[in-house]
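The structure's right below; bear with me while I get my questions together.
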2 protein chains.
Amino acid sequence: MAKVTIRDVADRAGVSTATVSRALSGAKRVSAAVEDQVRRAVQELGYSGNGIASALRRSRTDTVGMIVPSIVNPFFTSLVESVEHALQDEGRQLFLCSSRSDPQLEEQRLRSLVARQVDGIVISPVHGTGSTAAISWAAGELPLVQVDRYVTGVDSDWVGVDDDEALRLVVGHLSGRGVRTAAFISSRLTSSSTELRVAGFQSHTARLGIAVAPGALLLGEYSIDWGRTAMQRLLAAGPLPDAVVCADDLIALGVLQACSTAGVAVPEDVLVTGFDDIPFAALSDPPLTTVRQPQAAIATEAVRLLSQAFREPPHEPARLALAPSLVVRASTGG
Amino acid sequence: MAKVTIRDVADRAGVSTATVSRALSGAKRVSAAVEDQVRRAVQELGYSGNGIASALRRSRTDTVGMIVPSIVNPFFTSLVESVEHALQDEGRQLFLCSSRSDPQLEEQRLRSLVARQVDGIVISPVHGTGSTAAISWAAGELPLVQVDRYVTGVDSDWVGVDDDEALRLVVGHLSGRGVRTAAFISSRLTSSSTELRVAGFQSHTARLGIAVAPGALLLGEYSIDWGRTAMQRLLAAGPLPDAVVCADDLIALGVLQACSTAGVAVPEDVLVTGFDDIPFAALSDPPLTTVRQPQAAIATEAVRLLSQAFREPPHEPARLALAPSLVVRASTGG
DNA sequence: ATGAAAGCGCTAACAC
DNA sequence: GTGTTAGCGCTTTCAT
């Protein structure tokens, strides 16, 4: 277990360390005989290379850092998986961090990733304004692309979903189902997507003449628990709206559970919609009508933008709002 | 954006690089005046340190690698989150990788983590035998602890759940509900936990006189899709067993969905159980009876064992099988 | 308390 | 095609 270095391999193979390095990197041409000796020496000694030394010398780590607000939210894990996949095609590794929806932790993660010399960062910011300083700084240090959510005033690429279009789809669908009053349950944290979804909900309900009672805008967090709690409040508050629109599927699942517990029938007594189309949205009782995010495309684009930044000089920040689609299930009448 | 190094800070502060290093590391004593100058210089230059260089010199990265078979399985993400939490208390970062249930990818990840000089590795092996070689090798290079699943014949710690006890609980519960015939849906991959769960299912059903028809042992993978498919096969095959026991919650959720689609009532026509108690197990239709894993404890113990390995000389490998508990919900009659 | 100097293990010029 | 050499940026003796 004593560390075996490139020096040991070189000695054993009777060549210089430079030759070993060349033989192993594959790129440079080395005579077949020497290459063989080197391979043998590597084998015999159990050499496995020191990526840290290599990274220091080359000043690149072939690693990309990713920071998401939650690692237990299936939407983000799907996104992470897609990003990892896309990265693999270019021989880079993903270094995943969770900010646990905490701007301070997020800043810590950013500093840590920069210190570790990752080649670039993919981040879904926690907070619309609280994340700005740290992200601005990081974006000045290395290529950075925001996904899903973004903070404004930062000179960086962003790729996500068209939230306004998403709420147009949802509210339009509900209107078609005869909905006249609606409530919206979302997160308190002012992230860009949260704000855009709230704004979209308000403008499209207004446009279609759907009434939103005061107190029918409930802000908490993106979690099953909050969905349950918020729905209990709505139930306690008095006459139910025709529909409850949720800013993500976790909230919506909590809402469904609260309804079930309270003996309120969905969709008979109230319609419910989610956002993201996580795998479990199809399995709830009843299955959830929701907005499907093009997460694979978001991931692919994010990685593409990053790779571009690795190669080319800084460009105009790109902002890609990809089109969502509506998945209609039983929670709005099927 | 030009890299500012410790040299620049030293020049600016009018001291040596050694002093800057000492001032920044905090540990060594440096006069207050100098410490102040250094801080100012750091501030003014926007110095942020090079963790790679530091790691090379200190030959430690304060980073732990973790490899799980799937990053979209909520059981593993919970585990990951707990591990990350536990690690944070000792100032270490988590470097997360997914092996996507592929032994080859797993080996690649292991090599990559070792090359990156992580201080230790937490891994849930993909395969009972196919993972052995790579894990043995890695365990020879650095401290390594297996979680949830394990490969035998590797000299490393393991911490997970007592699978036999878990199946004793499940089968005992079903027996109490009057079940006389049962089927088991699991993963094809021969991981330790898979094997122990199958074995436990067989021994406890035998002990309690519950019949298991030939063909009532369905092996696929840990996914919703496989659960759905397997259940469709059971439905097509003829008379249903009294109960369907699943090796994890994803499979069970797929089973519930297939039942719902086919108009088979749970628990009236058939009882269904899962394993893990992921958050969505409580939200399905009907809510799922399942085995709760002590995942927070598993994570804490894993990190404790790792830290111990960092400090102390090699010990007898520990094997900690923690006690599971049964969560009874409506899918077995509530 | 501070500085000088020696590397950590590797790769990239530059010679030959 | 291969060796020699000079660091990458940092930490850590060893002096002073």
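So you know, we letter chains A, B, ... as the sequences are listed, proteins then strands, and number each from 1.
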How is A:Ser59 classified with respect to the nucleic acid when contacts are heavy atoms under 4.0 Å: base, sugar-phosphate, or nothing? nothing
Mind checking if A:Gly49 touches a base, just sugar-phosphate, or nothing, with heavy atoms under 4.0 Å?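 Sugar-phosphate, no base atom in range.
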Can you confirm whether more than 12 heavy atoms, excluding those of A:Glu90, are under 6.0 Å from its CD atom? yes
Write down the distance between CZ (B:Arg60) and P (D:dT12), rounded to a whole number of angstrom.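 To the nearest whole Å, that distance equals 10 Å.
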Of A:Ile52 and B:Val30, whose closest DNA chain C nucleotide lies nearer the 5' terminus?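 It is B:Val30 whose nearest nucleotide is closer to the 5' end.
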Under 4.0 Å from a heavy atom of chain B: give me the 5'-most and 3'-most nucleotides of DNA chain C that qualify. C:dA1 to C:dG9
Rounded to whole angstrom units, what separation is found between the CG atom of B:Leu45 and the P atom of D:dG9?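 The answer, rounded to whole Å, is 15 Å.
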Around atom CD of A:Glu312, are there more than 12 heavy atoms of other residues, nucleotides or ligands at under 6.0 Å?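 Result for CD/A:Glu312: enclosed.
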Take the protein atom CD of A:Glu35 and the nucleotide atom C1' of D:dG1, then report the distance between them rounded to whole Å. 12 Å
Verdict with reasoning, B:Asp8 to B:Arg12, per salt bridge (Lys or Arg N to Asp or Glu O under 4.0 Å): CA-CA 6 Å; B:Asp8 303 321; B:Arg12 178 95 173 205; over 6 Å; no
Might you confirm whether atom CD of B:Gln308 has over 12 heavy atoms from other residues, nucleotides or ligands at distances under 6.0 Å? yes
Nearest heavy-atom pair of A:Leu96 and B:Leu96: which atoms, and what distance?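 So the two residues come closest at CD2-CD2, 3.5 Å.
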Separation of D:dC10 C1' from A:Leu56 CG (nearest whole Å): 8 Å
Would B:Glu84 and A:Arg109 pass as an ion pair if we require N to O under 4.0 Å? yes
side-chain contact (heavy atoms from CB on, under 4.5 Å) between B:Tyr222 and B:Ser70, intermediate numbers included: CA-CA 9 Å; B:Tyr222 289 115; B:Ser70 162; over 6 Å; no
To the nearest angstrom, the CD1-C1' distance between B:Ile6 and D:dG9 comes to 8 Å
Can you tell me if the side-chain N/O atoms of B:Ser21 get under 4.0 Å from OP1 or OP2 in D:dT11?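 So the side-chain polar atoms of B:Ser21 do come within 4.0 Å of the phosphate oxygens OP1 or OP2 of D:dT11, strictly under.
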For DNA chain D, whose closest nucleotide is more 5', that of A:Thr17 or that of A:Ala53? A:Thr17
Is the B:Tyr150 ring parallel, tilted or perpendicular to the B:Trp158 ring (thresholds 30°, 60°)?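 Because their plane-to-plane angle is over 60°, the rings of B:Tyr150 and B:Trp158 count as perpendicular.
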Under 4.0 Å: is that the gap between some side-chain N or O of B:Thr5 and OP1 or OP2 of D:dC8? no
Between P of D:dC10 and CZ of A:Arg57, the distance in whole Å: 16 Å
What about A:Arg22, does its side chain sit under 3.5 Å from the base of D:dG3 through a donor-acceptor pair? yes
Check the distance between D:dT13's P and B:Arg58's CZ and give it to me in whole angstrom. 13 Å
What is the bend of the helix from C:dA1-D:dT16 to C:dC16-D:dG1 when you compare the axis at one end with the axis at the other, using five pairs each and rounding to 10°?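 End-to-end axis angle for the helix from C:dA1-D:dT16 to C:dC16-D:dG1: 30°, rounded to 10°.
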A:Arg319/A:Asp157 salt bridge by N-O under 4.0 Å criterion: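 Between A:Arg319 and A:Asp157 there is no salt bridge, as every charged N stays at least 4.0 Å from the carboxylate O atoms.
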